[in-house]
Amino acid sequence: MSSTSLKIALVGNPNIGKTTLFNALCGLNQKTGNYPGVTVDQTRGYYTYADQKIEVIDLPGVNSIYPQSTDEKVVYDYLTKSNEEDLPDKLVVVVSALNFKRNLYLFHQTKDLGLPVVLVVNMIDAAKKRGIKIDTKKLEEKIGCQVYAVSAKTGDGLDILKVAINNETPKTNSEIESYLLDIPAEDFSVYSIKEGFKRPFRAFLDIIVNKKDEVVKSLSGTGITSHKLRVNESILRYKTINTYLEDVYQEDKTTASDLSSKLDKWFLHPVWGYVIFLGIMFLVFQSIFSFAQYPMDWIDTGMASLSDWLSNALPKGYLSDLLSKGLVPGIGGVVVFVPQIVILFLYFSILEETGYMTRVVFLTDKLMQRFGMSGKSIVPLISGFACAIPSIMSARTIEHKKERLITILIAPLMTCSARIPVYIALITVIVPNTYVGPFGLQGLVMLGMYLLGIFAGLLAAMVFKFILKNEHKSYLILEMPQYLLPSLKNVGISVWTNAWSFITNAGKIIIATSIILFVLLTNGGNDFQNADQMVRQDHPELNGDSLALAVAGFEMEHSYLGVVGKGIEPAIAPLGYDWKIGIALVTSLAAREVFIGTMAVIYNINSEDSEEPETVAEYMKNEVNASTGEKTFNIATSISLLLFYAFALQCFSTVAVTYKETKSLKWTLIQFAYMGVIAYLAAFTAFQTLA
Amino acid sequence: MPTPLSKLKRKVSGKIAAIESEFVLAKLMELGVMPGVKFVIQNKAPFKGPLAILVNGTKLIIRRDEAKFILVEV
């Protein structure tokens, strides 16, 4: 087996099945950049073919090599690295047979970089059905490059492509001389060498991207600008494509069925388009709450029984308590909402795969502009319902700085899946399980929480729209892909990688916090160690069970964690929280879902010998405030908590991603602060009015 | 007589005559929207929202603000 691996990069336009090809090559052998710790700019995968190990970089889809959005900048920077060793061994340029002419434009640009290039014509199966014929042999002659027709979805042609990737690929010739306009070719190559560019096209790109108008002026001796040079290049490249297109590409219009246009009559209809969109959103959220309920109940009771079984089966002791009362309930708190995450990602990847998401961009652009964003913001915001991290990262496709920043700033207000367990626990405690007509009351309250998040987000966007100044005019020019049946493999891989990285990443945080919590809750200073003696002194009348309970309560209050909770009590008392909830607030600063784990750990410790396995919500329902004798989670406190969790940015990963994506400490802090202030004020107002 | 793309109704087809905005010129050119190319208006979003036009077999979303600068011959 060869030890040196071959590095290839996939380059191509958006929506051409590049990711399908990547999945077909690498399968599950890939690292996606959706979660903290693994946030990478490109998706990376591996496969082995004929004893050759191949590393595949899946670059974001772009329409041109010139960068406008952050996504495009990633591709530009990657392809124009000055260190030759960091460049891939070969580029695999993917074009879609359905969008042949326009995709060839990027191919011609990429080819001029002078790296070994293989051209892959994808979606050849769908093209055949639409009466499109592409002569790859002739195309090879015309462009001087190896061409392979494949269908990444069905796997047709992949074996031949893999052989070609393993074999030597000749370097391509740059045709840059044709695009120089008034600049003499010799002068340009002298300039390129003098400036230290290894390839002339790099010098050309550098002039255009950095708008070096002076250089263009002095080289050409005329008044042309770098912008003119760029526009001219586009025209000439399309001319080049037109010289051979008819020889290699035939479309039989009689067999072509224009299904996409027919569907768009409905999906983009001025009235029905919106009705369908709202219907789809309703279906998604309805599924989350109805279908997911069954597996969630199984997991919940299963984890409670496991914890119960462990505490009975293991020898009594500190470590077995840590396991059965710290770790298992903590992990259970996360695992329980895996079904919802799976359903959410399932729907989103299907919507993305079919090409429907860009239809939503079209439908909502005008509305989003009112809030200082663009139609492109809708995709990040909708995926914010799953998780703010992929959401903020997907804002990269928005070219306009202000629109992108606003989208990033409000994305964490969308109700992410980590809030679901907190909401569900609190709603189960205060809202009776009754029906209003055909709708469950608890479900309606949940829906209200989602609407609240959207409303708050749009309100915040309005404010930012007025505060932020406009540096450039914004525009929207975007391709709408043809409708395609989703590839089951792509959907499966997307759901699996997202759910798995959620479990492992959230799991790590939960396990760590559960252990730390448990240790801090079961240890303490002097008061903690002398708890038994002190309680006996203060309450000489107590004995037996009531004495044990009083001692346990005293211990918790004086444990290290109890001291912290007590310490912040003055700040949170106006919101209706006691020191136990304070502990949960502190621990869930890192991640919201930790709230449930913390509740589980805190309340499990007191329940020495519960006969029935109980869920966290049941513990919370039964909890009584020792000083007032009232239920801790009454309506006022619970609503105050719901609002706090709806608005506060309790997620370190989001903070980290915002910093990474905005590269601005200022905006990261502003985001954290504005959400915190809204959370505190909303919780304060709610508690003070209701209590 | 060239008219702005933004003024046309749905299903109208024609040829692009000129693009009068430096600002979006390069971006449009790269997507193959250039003088001489045929187009059809396929969809229009309500409330002066964007247009969807078919050019070179590709469907593009263009905001009305940008479509004002695309002059066409019907």
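Letters A, B, ... are given to chains in the order of the sequence lines, protein chains preceding strands, and every chain is numbered from 1.
Both the backbone and the side chain of A:Ser374 come within less than 4.5 Å of a heavy atom of chain B. Using a 4.5 Å cut-off between heavy atoms, B:Gln42 contacts chain A through its side chain alone, with no backbone atom that close. Of the two parts of B:Leu54, neither the backbone nor the side chain holds a non-hydrogen atom closer than 4.5 Å to a non-hydrogen atom of chain A. Both the backbone and the side chain of B:Met29 come within contact range of chain A, judged by heavy atoms closer than 4.5 Å. For chain B, the nearby part of A:Tyr274 is the side chain; its heavy atoms alone come within less than 4.5 Å. Only the side chain of A:Tyr238 comes within contact range of chain B, with at least one heavy atom under 4.5 Å from a heavy atom of that chain. The contact between A:Ile235 and chain B is made by backbone and side chain atoms together, counting heavy-atom distances below 4.5 Å. A:Tyr105 touches chain B through its side chain: at least one heavy atom from C-beta onward sits under 4.5 Å away, while N, CA, C and O do not. Neither the backbone nor the side chain of A:Thr225 comes within less than 4.5 Å of any heavy atom in chain B. A:Gln369 touches chain B through its side chain: at least one heavy atom from C-beta onward sits under 4.5 Å away, while N, CA, C and O do not.
When all heavy atoms of B:Ser6 and B:Arg64 are compared, the pair lying nearest together is CB-CG, 3.7 Å. The nearest pair of heavy atoms linking B:Arg10 to B:Lys44 is N-CD, 4.0 Å. Between A:Glu403 and A:Thr407, the closest heavy-atom pair is O-OG1, 2.6 Å.
Between the CG atom of A:Asp206 and the NZ atom of A:Lys211 there is a distance of 12.5 Å, given to the nearest 0.5 Å. One distance of note links CE of B:Met34 with CD1 of B:Ile70; it measures 12.5 Å at 0.5 Å rounding. Taking CZ from A:Arg359 and CG from A:Leu263, the interatomic distance works out to 8.5 Å, rounded to the nearest 0.5 Å. Note that OG1 of A:Thr70 and CZ of A:Arg396 are 7.0 Å apart. Values are rounded to the nearest 0.5 Å.
The candidate from B:Ile62, B:Val24, B:Asn43 with the greatest count of non-hydrogen atom pairs under 4.5 Å with chain A is B:Asn43. Ranked by heavy-atom pairs under 4.5 Å with chain A, the first of B:Glu30, B:Glu66, B:Lys48 is B:Glu30. Ranked by heavy-atom pairs under 4.5 Å with chain A, the list B:Val33, B:Val55, B:Leu25, B:Asp65 is led by B:Leu25.
In this structure, A:Asp365 contributes its side chain and B:Pro50 its backbone to no donor-acceptor pair below 3.5 Å.
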Any chance you could lay out the ring pair (Phe, Tyr, Trp, His ring centres under 6.0 Å) test for A:Phe267 and A:Phe277, step after step, and finish with the verdict?
-> CA-CA 8 Å; A:Phe267 286 127; A:Phe277 173 53; over 10 Å; no
